[in-house]
Amino acid sequence: MDDRITDQDIAARITSSDSVAALAELTTELLGKGSDLAARKAALGALPPEERRGEGRRLNDERVAIEAALAARRAELAAGERAARYEAERLDLTEVVPHLRRGHLHLVTQTLDELEDIFVGMGFTVAEGPVVETDWYNFEALNFPAGHPARNMYDTLYVDLGEPESTLLRTHTSPVQIRVMEKQAPPIYSVMPGLTHRRDTTDASHLPNFHQIEGLVVDEGITFGDLAGTLEAFTHAYFGGDIQSRLRPSYFPFTEPSAEYDVTCVFCKGAGCRTCSKTGWLELGGCGMVHPNVLRNVGIDAEVWSGFAFGFGPERMALMKHGINDIRELVTNDIRFLEQF
Ligand code: DAH
């Protein structure tokens, strides 16, 4: 504090003022019309001339010192009050952060990538075909002649193009087998992922638009044992060592013999629960040995070459691997669901 302020009490009152408003009142009290300084100034005229000058200078020095002390304290208090106001008025902008967060691939895309990676690791190549197909590729070449009852397994959506019911949205990825065999001579080791469509009602285990991944092997001396071994190796690679696979007799026109591919129920580990209807097994797809008629349809000599094929549903595999019980979760786009994967 400036030592020209003789009154220690004034200095203490200034430093202990705790707000800009309180300091304003103190300013009026110390320097205003009713102040001690004002009274002493008014009394100057009554002093003898030789005292007047000294008293005048003293009054001025005191005023300057008090003003300086007040200004210093005012600056201090104003800075503190400004900081407090800024703190109180601060906007919480952290709410926008989630929108800036980096996303990630959808669970179905992740699953397709993972399935491809496993098969590529086993020596398969990846091929693709069109979603809009002709009756020939989707049915006829796969040994479903017109009117074949197995066509009823597929609720087909037809496209209004060409002859009635000649163009359709592929109901499975098996037509890509035909396209691969047309383009490439054996040996063939390929997987074919892609979107498929059926005239189906959505429920907890069905979507009308879903993916499949098709597998095709054509080589010399390929047996059913190769199919079973390939699927068992795949099962362990995708689900882990404690999940087994089994093949059950079935029917598809394009394979003979045909089988359903089942894996140990991932929910009860084979003990039997509601999801697996107490069987301990879950059905994942179809498979079989490529029918000689199919090889013939693409000009491959069925006496020299043999092969196996399979078709799985990636959505269903994702559900099983992650213990999700409703396939609709995959298309609802609820961020709280999606961000878990
Ligand atoms: N395409 C069949 C379906 O969608 C699944 C299938 C079964 C594919 C047997 C195959 C196979 O390649 O060999 O129902």
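Reckoned from all heavy atoms, side chains included, excluding hydrogens, waters and symmetry mates. Each ligand, and each atom within it, is numbered from 1 in the order the structure gives. In this text, all values refer to a predicted model and were calculated from it rather than measured experimentally.
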Check which hydrophobic residues are tied to L169 through side-chain heavy-atom contacts below 4.5 Å, counting indirect links as well, and list them. V132, L157, V159, L161

Can you label the angle between the F254 ring and the H172 ring as parallel, tilted or perpendicular, going by 30° and 60°? perpendicular

Pair T171-N138, side-chain hydrogen bond (donor to acceptor under 3.5 Å, both in side chains): steps then yes or no: CA-CA 7 Å; T171 58; N138 197 81; 3.0 Å; yes

With a 6.0 Å cut-off on the ring centroids, do F139 and H148 count as close? no

Hey, which residues fall under 4.0 Å of ligand 1 on heavy atoms? Y154, H172, S174, Q177, R198, Q212, E214, F252, F254, T255, G286, C287, G288, A309, F310, G311

Centroid-centroid under 6.0 Å between F119 and F234 rings: yes

Check: N325/T275 side-chain N/O donor and acceptor closer than 3.5 Å: no

